[in-house]
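A short worksheet on the structure shown next.
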2 protein chains.
Amino acid sequence: MAGLDTKERILNAAEHFFARDGFHNTSLRMITGRAKVNLAAVNYHFGSKEALLKEVFERRLIPLNKIRRENLERVRDDARKKGCKPNVRDVMHAFIEPTFHFMASGPEAKDFIALIGRALSEPDDTVRNIFIHIMWSLFILLVEILADALPELPKNVLFWRLQFSMGAMAHTLHISQKSFPEHHAFMNIISETEIDSLIEMILKYITSGLEAS
Amino acid sequence: MAGLDTKERILNAAEHFFARDGFHNTSLRMITGRAKVNLAAVNYHFGSKEALLKEVFERRLIPLNKIRRENLERVRDDARKKGCKPNVRDVMHAFIEPTFHFMASGPEAKDFIALIGRALSEPDDTVRNIFIHIMWSLFILLVEILADALPELPKNVLFWRLQFSMGAMAHTLHISQKSFPEHHAFMNIISETEIDSLIEMILKYITSGLEAS
DNA sequence: GTCTATAGATTGATAGAC
DNA sequence: GTCTATCAATCTATAGAC
């Protein structure tokens, strides 16, 4: 954190605590303490705690969603060129892969991944609304392409299966940082799982669930 | 809330706010205000805010898990009698159905369901640890029976697929009380979905994902 | 831009009268 | 068991010196 400027140090520290303890359970003093900046610096640079949270999300999600959108549009356009339906596995891969690979890109990335893994289920609507607002248009694009890929599936069934998939995804991102009680054999399994095989496993699971007869 | 005694009124009010706003974002004053009891009554009857949370969980989870355990053991014993493997769908039905049907049992039940739908992904470990401690032995039983049902599946793959299923389930319980941005057609789909068809949909999705080749 | 100091509000918990 | 009153700690946010 040495060479970074104040704003970035605050963002990194906030990301860490928001991910580990949640938004309301993190105080500005914890953040400024870890970032080694003055307490007043948060309000000087960001205006409020909530505006800080918004920037924590946007710093990572805007570039990440740009990649996801490009991936999704490519899958859709390729299918159109070939005159066939998009492949469900390809669609979900386009959506999922950037997030999971970002997770493996470094230790600070893990903080953020744990945060978005829980964003949909945050208790109060502060976090949830900021997250959904950023994600919504991309989610609609995903729904539309999946509807092309699974034209025979009733819309409400597609909606629910996509929600199941979002839940599976969010929970997976979330627990990648958590521990389990007792010294159970499963504990090691998590840490030993490589990121590529995890992507492979969740893609197979989700694709199978989405395509169920 | 009129005829109920103080302790039960506090439990109901706490359940409501813990589910809606989360543990740390709920104050004892909110709880006692809704329950129409004195502020000091919480510490008199429960000892602390955290002990109150524990009782909120236990009041519903202990009877619910008793049913789930009986269901699971019945599925396992039936399969043993017949000398065949347990059926994956039957196993997951035994685990899932009591929760979803409890959800439909009344308006207060919805508060609790939203709470456990988020328990696994709560920001801080207060809520999560209490929940996991109550659920752990049942979860292990579920894992063991599923391992019998899917003997050819590597243990780490089974573990992850079960985690995906838990995520799907938790997210589904959680969003059953939430709204989505904009007036999107999907909004109506949620509220119109009947509980039995929701159970059917999630069972089909999860079973298909667990059994994927 | 960074600091100290503090305002102003809210919190969980408790003491003690009734 | 229920009440009032209050403590001690915490929080976000800001004012003002440097």
Side-chain angles (χ1 to χ4, degrees), chain A residues 1-59 115 122-131, chain B residues 1-59 115 122-131:
Chain A
M1 313 266 280
L4 307 175
D5 69 357
T6 298
K7 225 176 149 174
E8 202 161 353
R9 290 222 303 280
I10 292 174
L11 282 171
N12 289 341
E15 188 171 76
H16 173 79
F17 285 119
F18 289 163
R20 204 194 63 179
D21 304 328
F23 179 69
H24 277 96
N25 209 30
T26 297
S27 70
L28 294 184
R29 283 166 180 78
M30 293 162 71
I31 294 169
T32 54
R34 183 183 168 93
K36 286 172 185 148
V37 300
N38 189 269
L39 171 63
V42 168
N43 275 285
Y44 177 78
H45 285 285
F46 297 93
S48 72
K49 189 186 177 186
E50 193 166 329
L52 169 61
L53 173 68
K54 191 158 174 284
E55 290 212 33
V56 166
F57 272 119
E58 287 178 345
R59 177 172 66 147
L115 180 60
E122 273 283 337
D124 80 306
D125 291 335
T126 312
V127 181
R128 189 170 172 273
N129 286 345
I130 289 175
F131 179 75
Chain B
M1 314 267 278
L4 307 175
D5 68 357
T6 299
K7 225 177 149 175
E8 201 161 355
R9 290 221 303 279
I10 293 173
L11 282 171
N12 288 341
E15 187 171 75
H16 172 79
F17 284 119
F18 289 162
R20 205 193 61 178
D21 303 328
F23 179 69
H24 277 95
N25 207 31
T26 297
S27 70
L28 294 183
R29 283 165 180 82
M30 292 162 71
I31 294 170
T32 55
R34 183 183 168 93
K36 286 171 185 151
V37 300
N38 189 269
L39 171 63
V42 170
N43 275 285
Y44 177 79
H45 285 284
F46 298 93
S48 72
K49 188 186 178 187
E50 192 166 328
L52 169 60
L53 173 67
K54 191 157 174 286
E55 289 213 35
V56 166
F57 272 119
E58 285 177 346
R59 176 172 66 147
L115 180 60
E122 273 281 338
D124 81 305
D125 291 335
T126 312
V127 182
R128 190 170 171 274
N129 287 345
I130 289 175
F131 179 74

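Residue numbers begin at 1 in each chain, while the letters A, B, ... track the order of the sequences. Just so it is clear, the structure is predicted and the values come from calculations on it, not from any experiment.
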Would you check if Asn38(A) and Thr6(A) make a side-chain contact, meaning some heavy-atom pair closer than 4.5 Å?
no

What pairs meet the ring-ring contact (aromatic ring centres under 6.0 Å, His included) rule with one or both residues in residues 30-56 of chain A, with sequence neighbours excluded?
none

Does Thr6(B) make a side-chain N or O approach to OP1 or OP2 of dG1(D) shorter than 4.0 Å?
no

Is Asn25(A) close to Thr126(B) at the side-chain level, that is, under 4.5 Å between some pair of heavy atoms?
no

Taking NZ from Lys36(A) and P from dT2(C), how many angstroms apart are they, rounded to a whole number?
16 Å

Under the salt bridge (Lys or Arg N to Asp or Glu O under 4.0 Å) test, which residues partner Glu50(B), sequence neighbours left out?
none

Is there a residue in residues 38-46 of chain B whose heavy atoms reach under 4.0 Å of DNA chain D, and which residues are they?
Asn38(B), Ala40(B), Tyr44(B), His45(B)

Arg59(B): side-chain contact (heavy atoms from CB on, under 4.5 Å) partners, not counting sequence neighbours
Glu8(B), Leu11(B), Asn12(B), Glu15(B)

Going by salt bridge (Lys or Arg N to Asp or Glu O under 4.0 Å), name the residues that satisfy it together with Lys49(B), two or more places apart in sequence or in a different chain.
none

Let me know the distance between CD of Glu8(B) and P of dG1(D), rounded to the nearest Å.
14 Å

What is the separation between atom NZ on Lys7(A) and atom C1' on dT2(C), rounded to the nearest whole Å?
16 Å

Determine: side-chain N/O of Ser48(B) to OP1/OP2 of dG12(C), distance under 4.0 Å, yes or no.
no

Drop me the distance from Met30(B)'s CE to Phe18(B)'s CZ, to the nearest 0.5 angstrom.
9.5 Å

How long is the straight-line distance from CG of Leu53(A) back to CD1 of Ile130(A), given to the nearest 0.5 Å?
4.0 Å

What is the distance, to the nearest angstrom, from the CG atom on Asn25(B) to the P atom on dC11(D)?
14 Å

Show each protein N/O and nucleotides 7-11 of chain C N/O combination with a separation under 3.5 Å, one pair to a line.
unit_1, atom_1, unit_2, atom_2, d
dT11(C), OP1, Ser27(B), OG, 3.4

